Amino acid sequence: MSSGTRPLVPSAPPLLSPSHADFPTPRTREDGGSDALVNDIFSHTPIPTIILDPSLVIRLVSDSYLKVSGGFRRESVVGLHADAFFDHKLTLPSLDQARKALHCAIETKRPFDVEDSQANSAIIWKIRAVPILERTTESNGSQSVQYIQMELTDVTEEHLRQLELEERLATNETFRILVETVKDYAIFMLDPRGNVATWNEGAQRFKGYQREEIVGRHFSNFYSQEDRDNGKPERELLDALRDGRVEDEGWRYRKDGTRFWANVIITPVYRERILIGFSKVTRDLTERKKAEEKLIAAYEEASRLKSEFLANVSHEIRTPMHGMLSALTLLLDTRLNPEQHELAKVIEESGDVLLQVINDILDYSKLSSGSFSISHDIISVSDIILSVFRGYEKGHNPDVVLEHDLDPRLPKAAEGDSLRYRQIVQNLLSNATKFTEQGYIRIKATLQEEDDQSCVIMTEVFDSGIGVPLALSSFLFTPFTQFDNSATKRYKGTGLGLSICKSLAGLMGGNIGFRPNPDSQGSVFWFTAKLKKVRHLKHIESLQEQFRKHNLNSTVSTFEEIKSAATDKRVLLAEDNPINQKIMQKILASLGFSDIDKANDGREAVDMSTKTLCPYDVILMDINMPFLDGVAATKAIRAAGLRTPIIAMTANALKGQAESYIAKGMTGYIAKPVDRHQLAKILLKCFRVDEVAQVAPG
Amino acid sequence: MARTDSVKEAEGIMAIPGATDNIDSATFEQILEMDDDEEEREFSKSIVYDFFGQAESTFQKMNKELCIYTHTQREATADTHHSENKDLKTLSELGHFLKGSSATLGLTKVKDSCEKIQHYGQKKDETGTKDLADDDEALGKLKVTIKEAQEEFVTVEKVLRKFYHDEG
């Protein structure tokens, strides 16, 4: 048997064990019933099994084993030595693996598993060699191997599963490496409370934190203090939960406190319907943001340049236009033959249109650049409408009836911009007359709403003209549109008028619109304006009433009126040129002013007006003066709390500049060389407003 | 004072050769209206003569600035640019100053030239919209325009003196 204990030496010749004759062994023979039972169990176990003795001679073999190993008969297997069996008779399991299993089991006295796959078979077997040890222990405590049970298990499926699992693990690993090494995106996970759970290369690059520094800390660390105070990070998580995703662009902060413009997408991540956290992907858009800002700046610059250019060009055209038109007026007064007169008329008419176009463009460029402001005079809507109306009454087409319908509840005085209100009314009336050849034009104004602070006035112009196709009515207020291009030849204009009116109405807190005339053919154009109420309305109304009576009772000329108003008024004249000073003084004297002080520059003007005990009633302020110019002087005077009317005088007679001077604290504006009649009118206006203002608080 | 009278007055001066090109009748008429006595014309005459004085002294100052400027320019090095600009600015201010009074009197040609001087002094073109290339261009234009303005002034001065019967 000693030779049988080493049968696994590869060179050992296969031998039929001499102990074959001794079989069954004394142990198994002790009890015939048990022997039969063992035989029975081993024969019928579904797990392919063989039992070998320590000399590796096969002692028992199961039916199942015979079946899987190639249909041997039991008699030809039992009694064979393992080497002979595995090497010659069988393909299953292969010799090497079987030997290995048996050897190891004997050496270690422990069950030993080994897998065996054969080249010609898709099935993978697990070979299990189980040493069965003697019951009695030897003196040195070791037990000797009595039998070896060898089982085969088909593990093909298990094996496949294992392979799949490995593959999956490999894929996961690939993804993990991918995410971790991406440098251009910060991709990381947050736990459900918003603490950072993972970190990648990109995140480290963008935010400057090492993995160890940030994992476990709340992601609000990346937000500005302001965002944190507003609870923005928490809100984003809630939004992500609600909407399944949240995207945000904004400044995020690095570890060193610098910031970058980030696009952030947060998505909640669920496993088995349980929230396990949020994925957060951040992109650095600083460069794009910079590019965008550059683009916007370039656009704004271009748009500003455009407006400036338009304004400059219009101004430059307007100056010679004025010259041309005044020359024309003079020409028309000379003796012309009918043909010449006709031609001169044509020039005058075209010139007027051209001037209107230029004014429109100037207004439009200012409105579109947002540098247009509305003044807050005390106005009477009825007066404005009547005055425009009378203008149209003069030379209107006799086939058209002109009517007006004014709500008696219209406020006598309200805060508004009379010039701009007039401009809209004029535009709507002019459109109506342009497009109405017979029938009627009616202007109607009603008080639409009223509260303690303000009132909304609706002004409508009805006409029985050609009307507007409803489909085109939505383009009416778009710049440079005339609804019928073929009509442009007949109906002159830039197509800017209505779009200007729309902006103006908007600036007045109102709206503008169109509807077809319900009575007949034709149009109804309407606009609303929200005007602030003047406090102590009664005083003003009575005052206005007085003015009205005054105006009605006597046909007092402006000059007489100013002369009576001037008697007790103090005037400060700020002008650096002595000749102009002298002439202004003379003009003022001729208007009835006797109390005139002179300032030779802006600084003197400020000193004199702020330090005098007896305040001035009006200041006439040259714009270009040494030391301190008129605008700066006005600011200083206003800063000192004086509300004295200040009238700007300048030769830079740009239309828009009047508004800009008024915006800078001046009350009015007069062009140089100063026209006596115009000066009288402006002064009267100042005094009237001034009186109203003085009466009001009382 | 009736309007027809003043028109006649303006026509009076406009009849003098050289007046139509140089004087804006409506503006000058307003000055004449301020006279209390149509024979004496004390007020308008004093204004006009004040203007003569002002114009002469302003032209003198302009020429002096031009002279200083040309002188410094001849010895100019890079670091004197600052003072050069200052001189041009002074010319612009002088132009503006004389523009104011000539405009008030309706002396259109002198006024227009003064306006150009004002612009050139700011190194802008004659309408004040575009920048000029450099100081030299501005200086060249200033020299020409100041000379023109002086000539225009002399012309209008003759007309005015004739109007005030002072041709000695």
Side-chain angles (χ1 to χ4, degrees), chain A residues 305 308-320 322-323 326-327 329-330 333 557 559 573-591 600-601 620 622-627 629-630 649-654 670-680, chain B residues 1 3 6-7 14 20 23-36 42-55 57-58 89-90 92-108 110-112 114-115 118-119 122 124-130:
Chain A
L305 284 175
E308 222 168 67
F309 172 78
L310 272 176
N312 274 334
V313 167
S314 320
H315 174 60
E316 292 306 327
I317 297 172
R318 204 161 54 172
T319 316
H322 276 300
S326 20
T329 322
L330 292 175
D333 286 343
S557 77
F559 287 126
L573 172 65
E575 163 70 65
D576 64 319
N577 192 315
I579 290 182
N580 290 352
Q581 237 180 40
K582 219 165 157 182
I583 288 177
M584 280 305 297
Q585 219 179 339
K586 188 79 180 175
I587 294 180
L588 286 167
S590 78
L591 295 178
N600 293 313
D601 59 59
L620 289 163
D622 185 28
I623 293 295
N624 287 298
M625 284 189 291
F627 304 121
D629 68 22
M649 301 188 292
T650 176
N652 299 338
L654 227 171
I670 186 159
K672 271 183 171 180
V674 171
D675 177 80
R676 191 168 154 251
H677 190 258
Q678 215 185 338
L679 179 66
Chain B
M1 186 168 298
R3 190 170 169 81
S6 59
V7 170
M14 295 322 277
T20 38
I23 301 173
D24 177 61
S25 62
T27 312
F28 192 70
E29 164 195 321
Q30 193 176 269
I31 307 289
L32 293 181
E33 273 181 47
M34 294 175 195
D35 282 329
D36 299 323
E42 199 185 329
F43 176 75
S44 68
K45 192 172 174 182
S46 77
I47 292 282
V48 167
Y49 280 69
D50 278 355
F51 177 77
F52 291 165
Q54 193 181 80
S57 75
T58 308
K89 210 181 143 216
T90 313
S92 171
E93 281 164 6
L94 287 168
H96 173 76
F97 181 74
L98 198 59
K99 182 180 87 171
S101 39
S102 50
T104 305
L105 290 179
L107 310 182
T108 36
V110 177
K111 183 213 128 197
D112 290 346
C114 287
E115 190 169 300
Q118 190 189 346
H119 291 318
Q122 291 163 338
K124 301 268 187 186
D125 69 354
E126 60 176 69
T127 58
T129 41
K130 276 179 292 194

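Everything quoted here is computed from the prediction, not taken from an experiment. Just so it is clear: chains get the letters A, B, ... in the order the sequence lines come, proteins before strands, and each one is counted from 1.
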| query | From B:Thr104 OG1 over to A:Met649 CE, what is the distance, rounded to the nearest 0.5 angstrom? | reply | 9.0 Å
| said: Which atoms of B:Thr27 are under 4.5 Å from chain A, going by heavy atoms: the side chain, the backbone, both sets, or neither? | reply: side chain
| request: Could you tell me whether A:Phe309 atom CZ has more than 12 heavy atoms of other residues or ligands within 6.0 Å of it? | output: no
| query | Quick one: what part of B:Ile47 sits under 4.5 Å from any heavy atom of chain A, side chain, backbone, both or neither? | reply | both
| task | Calculate, to the nearest 0.5 Å, the distance between atoms NE2 and CG belonging to B:His96 and A:Asn577 respectively. | result | 8.5 Å
| said: If I measure from the heavy atoms of chain A, does B:Ser44 come under 4.5 Å with its side chain, its backbone, both, or neither? | reply: neither
Got a list of side-chain donor-acceptor pairs under 3.5 Å for residues 583-590 of chain A, not counting sequence neighbours?
unit_1: A:Ser590; atom_1: OG; unit_2: A:Ile587; atom_2: O; d: 2.6
unit_1: A:Ser590; atom_1: OG; unit_2: A:Arg676; atom_2: NE; d: 2.9

| request: Could you tell me the separation between the CZ atom of B:Phe51 and the CG atom of A:Asn580, rounded to the nearest 0.5 Å? | output: 10.0 Å
| query | Is there a donor-acceptor pair closer than 3.5 Å between any side-chain N or O of B:Asp50 and the backbone N or O of A:Pro578? | reply | no
